[in-house]
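What follows is a set of notes on a single structure, which appears directly below.
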Number of protein chains: 2
Amino acid sequence: MRSEMINEIETPAVAGQKDNRYSACLLFSANALARAITAIGDEEFGRIGLSYSYAYLLCEVVDQPGVTPSKLSETLFLTPSTITRLVEKLELKQLVRRESEGKKTLIYPTEAGEALRPAIAEAWGRVGARYSSAIGPDDVCQLTQQVFKAARSLDDLD
Amino acid sequence: MRSEMINEIETPAVAGQKDNRYSACLLFSANALARAITAIGDEEFGRIGLSYSYAYLLCEVVDQPGVTPSKLSETLFLTPSTITRLVEKLELKQLVRRESEGKKTLIYPTEAGEALRPAIAEAWGRVGARYSSAIGPDDVCQLTQQVFKAARSLDDLD
DNA sequence: TAATTATATTTGTATGTGCAAGCAACGAAT
DNA sequence: ATTCGTTGCTTGCACATACAAATATAATTA
């Protein structure tokens with residue numbers, strides 16, 4: 001009674017020292033992975049005063065000046081309200097500026113924003129190098145593809 | 001200049017309609033997956049008034065009465081301070097209770113907490129069913145293993 | 001035994017993210 | 001042209017999580 005099976009979908013109880021019953025749960029594992037890798041990301045991107053979502057957003061704005069929040073929301077898989085928050089802070093830091101055009105908002109980089117792009121690319125590279133070496137460079141590529149595919153499948157549900 | 005390669009580690013630009021340059025970044029993809037799947041989790045677990053971390057924690061406490069925060073921290077891949085916060089709220093909801101023993105804290109389920117366990121198992125099952133059907137039941141198992149393995153690798157870095 | 005270091009937990013504070021509701025502008029239909 | 005639904009963005013609020021510092025107890029060393 002006390003030790004009933006609570007795992008969602010039975011999986012062949014893969015061996016491994018530190019596995020526990022949650023290791024077979026994607027909800028659990030995906031969040032654990034996200035937290036662990038975000039820690040690396042924050043460390044590297046923190047050196048340029050941003051965290052990774054801000055950095056990605058800034059890249060988009062530099063590459064597509066005048067991009068709208070809704071477009072960013074699609075690209076970055078974040079809700080519009082989150083985009084607003086991110087843009088607000090980047091605006092405070094003088095890295096982007098907003099322009100209202102009808103019901104749309106157009107977002108442009110400032111010069112300081114554009115100037116930051118190489119540094120972002122470097123930080124990005126360091127993040128990739130770090131997790132590749134930890135996870136194993138061979139596995140990373142396939143893992144990333146699968147993870148993204150799964151994320152998209154779930155996102156397409158609505 | 002403007003369109004330089006900013007992806008961290010070159011990947012064979014996997015085709016796919018909605019892919020963008022971030023799809024090859026595990027930092028990005030892992031977070032996207034975590035958010036998408038957490039949305040499902042919150043929906044199902046929300047029906048019993050918890051979110052998924054609370055549910056997992058409660059399961060641990062029911063199965064190992066007297067478990068300590070540090071043990072929970074290891075099992076759930078969460079920091080001790082987060083555990084404290086989770087336990088606090090479960091205590092407010094009268095689902096667990098804390099007992100101080102020296103420098104340790106022992107956490108026990110209340111009867112209400114124990115009573116909730118079957119409902120948690122059911123919600124858990126529904127979450128698994130939903131993401132399995134979205135992602136494809138065949139892929140889920142392997143994906144989960146790989147994701148967990150990667151999370152553990154990154155976590156073992158400290 | 002007293003002083004120091006180590007371990008376990010909690011607090012203060014901050015951050016990223018989202019939902020639901022609001023507002024503003026556009027389009028369609030009467 | 002006035003109304004009405006729709007779309008795009010923003011705000012108020014809430015929550016999960018973490019870091020750094022504080023506290024309290026245990027262990028070790030002098």
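Letters A, B, ... are given to chains in the order of the sequence lines, protein chains preceding strands, and every chain is numbered from 1.
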Assess whether one donor atom and one acceptor atom, taken from the side chain of B:Arg85 and the base of C:dG12, lie less than 3.5 Å apart. yes

Just call it for B:Ser53: base, sugar-phosphate, or nothing, with non-hydrogen atoms closer than 4.0 Å on any strand. sugar-phosphate

Give A:Pro69 one of three labels, base, sugar-phosphate or nothing, depending on what nucleic acid heavy atoms sit under 4.0 Å from its own. sugar-phosphate

Does a nitrogen or oxygen in the side chain of A:Thr82 sit under 4.0 Å from OP1 or OP2 of C:dT17? no

Please give me the minimum heavy-atom distance between A:Ser23 and A:Phe28, naming the atom from each residue. N-CD2, 4.4 Å

Determine whether the aromatic ring centres of residues B:Tyr56 and B:Phe77 are separated by less than 6.0 angstrom. no

Would you say D:dA16 has OP1 or OP2 under 4.0 Å from some side-chain N or O of B:Tyr56? no

Does B:Glu114 pair with B:Arg117 as a salt bridge, N-O distance under 4.0 Å? no

Of A:Leu106 and A:Ala39, whose nearest nucleotide on DNA chain D comes first from the 5' end? A:Leu106

Is B:Ser81 near enough to C:dT11 that one of its side-chain N or O atoms lies under 4.0 angstrom from OP1 or OP2? no

When you check the phosphate oxygens OP1 and OP2 of D:dA16, does a side-chain N or O of B:Tyr54 lie under 4.0 Å from one of them? yes

Is the phosphate of C:dG16, meaning OP1 or OP2, less than 4.0 Å from a side-chain N or O of A:Lys89? yes

What does A:Ser51 touch in the nucleic acid at a heavy-atom separation under 4.0 angstrom: a base, only the sugar-phosphate, or nothing? sugar-phosphate

Measure the distance from CG on B:Asp42 to C1' on D:dT17 and round it to the nearest whole Å. 13 Å

Whole-Å distance between C:dG16 P and A:Leu76 CG? 14 Å

